Amino acid sequence: MTKPAVNLEPALKWFAARGWTPFEFQREAWMSYLGGESGLVNAPTGTGKTLAVWMGPLIEAAIEGGVSGGSGVAEMATPSVKKRRGWRDGAEPLRVIWLTPLRALAADVQKALSAAAEGLGLRWNVELRTGDTSASLRAKQKERLPTCLITTPESLALMLSYADAAAKLGTLRAVVVDEWHELIGSKRGVQTELGLARLRTMNPGLRVWGLSATLGNLGQAMEVLLGSGGGGSGGGRLVRGEGRKAVDVETLIPADIERFPWAGHLGLRQLPGVLEKLEHGGKTTLLFTNTRSQTEIWFQSILRTRPDWIGQVALHHGSLDRGLRARVEEHLKAGTLRCVVCTSSLDLGVDFQPVDQVIQIGSPKGVARLLQRAGRSGHQPGMVSRVVCVPTNAMELVEFAGVRDAIAAGAIESKMPLRGALDVLVQHLVGVAAGGGFVERELLAEVRGTHAFGGITDEEWAWCVGFARGGGAAMGNYPQYARIVEGEDGVFRVASPMVARVYRLGVGTIVSDASMTVALVRGRRLGSIEEGFIARMAPGDVFTFAGRLLKLVRVREMTAYVEPAKRKSGRVPSWQGARMPLSVELSAAVRVKLDEASRGVFESAEMRSVEPLLRLQQRWSGLPGPGEILIELAATREGKHAFVYPLEGRLVHEGLAALLAYRLARLKPRSFSMAASDFGLELSSPDEFDAEDSTWRSALSTERLAEDLLACMNAAELARRQFREIARVAGLIIPGFPGQARSQRHVQASSELFFDVLSEFEPRNLLLDQARREVLERQLEFARLRRTLERIQGLRLLIVKTDRLTPFSFPLWADSLREQLSTEKWTDRVQRMRVVLESAANEPVVRRQRRSTKGALRADD
DNA sequence: GACCTGCTGCGGCTTG
């Protein structure tokens with residue numbers, strides 16, 4: 001429909017004269033942009049995605065005459081436009097906002113964008129505005145915004161919360177959302193949607209462009225980004241970069257499968273092979289692990305074997321101090337490191353051109369995740385991304401065989417956008433009220449233009465406005481929750497400057513985990529560890545962190561002070577992270593590999609290597625074929641066990657284990673202990689398990705699924721904990737001021753207190769509903785669990801009684817045993833038990849305090 | 001006889 005308002009030929013000629021031919025998809029994006037459209041660009045990293053989108057606004061500006069005199073593109077500008085414009089170089093008003101989800105990317109983007117503008121003869125101001133931005137630059141930006149502003153979703157929300165927002169942002173022509181795939185599935189994505197809706201209202205005709213890695217639902221990702229209010233005239237254009245980036249997936253096959261562990265996730269058995277790769281596989285390697293503690297352990301192990309590599313190997317994970325991480329990134333860019341051992345903290349990133357090899361230790365958990373990591377190497381057009389996969393246990397060989405198939409088939413995970421996150425909406429209402437105010441009907445229409453709130457009912461909307469207005473029924477008496485007021489002109493504004501201030505303190509949707517700062521006695525900050533880990537240690541104890549051995553000296557406030565230890569070994573902290581399950585796509589790929597194995601097909605190197613083990617599984621128990629699901633019944637010293645292998649990822653298996661235990665106990669009262677992995681689940685009991693098909697069929701039924709699951713999962717307690725995030729995002733809990741460390745335990749306690757009060761006095765509070773919904777969706781993966789049970793309905797149950805643990809069941813058994821036995825010394829255990837008993841003894845007092853929240857807390861109880 | 005799981009990300013007052 002839309003005819004581009006400009007002729008691109010002069011620009012192309014200009015590029016050609018400089019020996020550069022743009023890719024077809026880049027031209028498509030520019031043309032579309034110049035024609036007034038919005039859209040989404042999907043292309044492999046390192047192929048010029050950034051340029052594809054950035055060139056649109058640049059060419060537009062050049063053609064309009066915003067060029068520095070005499071430059072090569074001056075001929076693109078029509079004389080009349082040139083004459084009309086009075087702007088001088090570098091003094092143009094805000095034209096483009098570039099949103100990035102990661103502060104660390106901002107400076108690199110700035111460099112790239114400035115260079116591109118320079119190359120086109122434009123002297124554009126490209127400035128950063130993130131939490132790191134200095135006070136002086138902020139002050140300058142309060143006066144005047146640059147031509148291009150690189151910022152984050154949170155900082156955008158902040159800018160929208162100042163009274164002059166409309167005036168400052170009213171000249172905007174385009175917003176680019178970089179790494180949209182990182183945002184879309186989270187509340188940060190919802191916040192971005194709301195911010196974009198605001199900008200569209202201020203700037204009709206605004207063009208929004210996203211950049212995204214490959215997702216299973218790219219079309220939907222674009223729709224969400226553009227909203228129903230966006231999309232220009234054509235409803236949005238999806239631009240795909242041509243050709244797939246070549247990815248070379250190699251697996252480090254264990255030398256001797258007979259001696260290769262059946263269980264475990266650390267993978268140190270493969271250290272010699274990995275060292276060999278580090279030495280000869282490339283100059284610079286990123287070594288990805290799945291957990292922070294694993295990073296620490298691998299780092300130590302590498303240096304213990306190769307002390308001559310000290311200074312050439314670094315480590316990088318999310319609990320390390322930002323300064324330390326920044327230094328590692330610099331060295332990486334400079335190409336002076338042989339290897340960085342890291343977690344997802346380096347999944348995204350700066351174009352690390354020197355990286356020529358990526359190693360993945362253990363399960364990649366998802367297809368997209370492995371591709372993302374592989375893409376960190378060969379980060380240039382035409383270069384091949386290489387990843388070496390290192391299995392840490394036998395079944396991971398099957399996983400790697402599966403992931404290769406999935407990549408070949410293009411089976412990439414989707415990221416589902418969130419809908420109806422009312423906590424984010426409440427936060428937004430306060431922000432908009434601070435940023436010049438809103439008329440209710442108008443803002444409702446704007447918010448309904450987003451995907452996240454396209455379906456919001458009048459009642460829900462009224463509830464949210466009422467909540468921001470008075471804190472809802474239960475909080476109505478507390479003035480600090482009357483955050484917005486309606487003026488006589490019908491405009492809602494913040495009730496006081498204090499409200500705006502508190503909003504700015506708490507902006508954003510990321511709620512951090514409980515953690516304690518770790519710092520050297522002399523003062524340097526090293527990072528953070530969970531409170532619980534430090535609480536279990538006494539001064540003088542030694543632990544490993546940030547790649548060093550540290551001795552705990554003392555704990556003050558929320559900081560653990562340490563000094564270098566002389567000992568050679570210490571405990572490694574573990575962090576309570578999210579428990580990422582095997583993805584839907586990868587699970588399916590693994591099931592296919594096992595189907596093949598059951599038919600005697602072992603085609604890849606991975607499958608041939610694991611063949612003896614799978615044959616053993618077949619002999620001792622069985623291999624589920626197509627249309628079958630395996631249930632093993634076994635007896636050990638610990639009791640009787642039932643193992644079920646749906647292969648649907650850990651979260652589903654946890655829910656399913658609880659569900660099966662609940663349903664089996666209903667048939668015959670008894671108690672179970674449970675374990676779950678990405679492959680299956682285990683129930684243990686002193687009593688024999690029933691081998692009847694009908695018993696298991698009814699236990700695996702989809703009937704009354706939600707009721708049974710809620711009954712057995714202690715959903716109320718889960719929701720209570722989930723409420724912490726919601727209370728924080730909705731502004732019920734006010735974080736401490738900067739620099740005032742506030743114990744997260746405190747935050748947790750007060751959010752639980754809110755939950756209890758609301759449940760009692762305002763059970764219809766919609767945020768409580770949201771907490772329950774989030775538990776179902778996120779912690780239980782309810783939809784996936786239901787689909788799993790539906791799938792099982794159509795399968796034949798292969799129920800096998802085994803004499804011993806099998807290759808499938810051993811890892812589950814070992815897992816559950818680890819929970820019962822501790823590797824720590826007996827005295828430590830007694831000490832810990834005493835602490836546990838003491839706190840258990842104190843429990844009733846705590847509970848009584850919580851209950852008596854109507855009055856003040858009784859301190860003397 | 002085999003077993004050391006649990007990621008990432010943002011932001012902030014005070015005003016001469």
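Below, chains carry the letters A, B, ... as their sequence lines are ordered, and counting in each starts from 1. Hydrogens, waters and symmetry mates play no part in the numbers below; they use all other heavy atoms, side chains included. All of these numbers come straight from a predicted model, not from anything done at the bench.
Heavy-atom distances to DNA chain B give each of A:G131 and A:R369 a nearest nucleotide, and the one nearer the 5′ end belongs to A:R369. Each of A:W262 and A:H317 was matched to the nucleotide of DNA chain B holding its nearest heavy atom; the match closer to the 5' end belongs to A:W262.
Picking from B:dC3, B:dT15, B:dG11 the nucleotide with the shortest atom distance to the side chain of A:T152 gives B:dG11. Considering only side-chain atoms of A:L158, the nucleotide from B:dC3, B:dG11, B:dC13 that sits closest is B:dG11. Comparing B:dA2, B:dG11, B:dT14 against the side chain of A:R269 picks out B:dA2 as the nearest. Which of B:dA2, B:dG12, B:dT8 sits closest to the side chain of A:F810 comes down to B:dA2. Closest contact between the side chain of A:S155 and the listed nucleotides B:dC10, B:dG11, B:dA2 involves B:dG11. Comparing B:dG12, B:dC10, B:dT8 by their nearest atom to the side chain of A:I510 picks out B:dC10. If you check B:dC3, B:dT14, B:dT8 against the side chain of A:P261, the one that comes closest is B:dC3. Listed candidates were B:dC13, B:dT8, B:dG11. Nearest to the side chain of A:R292 is B:dT8. Among the nucleotides B:dG11, B:dC10, B:dC7, the one closest to any side-chain atom of A:R728 is B:dG11. Among the nucleotides B:dG12, B:dA2, B:dC10, the one closest to any side-chain atom of A:R504 is B:dG12.
Residues passing the salt bridge (Lys or Arg N to Asp or Glu O under 4.0 Å) test with A:E182: none are found, sequence neighbours excluded. Qualifying salt bridge (Lys or Arg N to Asp or Glu O under 4.0 Å) partners for A:R483, counting only residues two or more places apart in sequence or in other chains: none. Contacts of A:D132 classified as side chain to side chain donor-acceptor pair (under 3.5 Å), with partners at least two apart in sequence or in another chain: A:R322. Partners of A:E258 under the side chain to side chain contact (heavy atoms under 4.5 Å, CB included) rule, at least two apart in sequence or in another chain, are A:D256, A:P612. Taking the side chain to side chain contact (heavy atoms under 4.5 Å, CB included) definition, one finds that A:P417 meets it with A:I184, A:N217, A:Q220, A:V224, A:H451, sequence neighbours left out.
When heavy atoms are screened at a 4.0 angstrom cut-off, A:R138 is found touching the sugar-phosphate backbone but no base atom. Across all strands shown, A:T291 has heavy atoms under 4.0 Å from base atoms, whether or not it also approaches the sugar-phosphate. Nucleic acid contact class of A:T509 (heavy atoms, under 4.0 Å, all strands): none. Here A:Q191 lies out of heavy-atom contact (under 4.0 Å) with every strand.
In this structure, A:F808 has its ring center at least 6.0 angstrom away from the ring center of A:F643.
One can place CG of A:L287 at 16 Å from C1' of B:dC7, the figure rounded to the nearest angstrom. One can place OH of A:Y503 at 12 Å from C1' of B:dC10, the figure rounded to the nearest angstrom. In this structure, the CZ atom of A:F808 is 18 Å from the C1' atom of B:dC3, given to the nearest Å. Nucleotide B:dC10 holds its P atom 14 Å from the CZ atom of A:R129, rounded to whole Å. Rounded to an integer number of Å, the gap from NE2 of A:H265 to P of B:dC7 is 14 Å. Rounded to whole Å, the distance from CD on A:Q360 to P on B:dC7 is 14 Å. The distance between atom CD of A:E725 and atom P of B:dG9, rounded to the nearest whole Å, is 16 Å. Remark: C1' of B:dG9 and NZ of A:K187 are 14 Å apart, rounded to the nearest angstrom.
Comment: A:E654 engages A:R650 in a salt bridge, judged by a side-chain N to carboxylate O separation of less than 4.0 angstrom.
Taking a pair as Watson-Crick or G-U wobble with both distances under 3.5 Å, DNA chain B forms no stem of 3 or more consecutive pairs.
Counted by atom type alone, A:T544 and A:E296 present zero donor-acceptor pairs between their side chains at under 3.5 Å. Residues A:S319 and A:R292 have side chains that bring a donor and an acceptor to within less than 3.5 angstrom of each other.
For A:S344 and B:dC7, a side-chain-to-base donor-acceptor distance below 3.5 Å is present, hydrogens and geometry of angles not being considered.
The side chain of A:R501 places no N or O atom within less than 4.0 Å of a non-bridging phosphate oxygen (OP1 or OP2) of B:dC13. Of the side-chain N and O atoms in A:R188, none sit less than 4.0 angstrom from OP1 or OP2 of B:dT8. Neither OP1 nor OP2 of B:dC10 sits under 4.0 Å from any side-chain N or O of A:T130.
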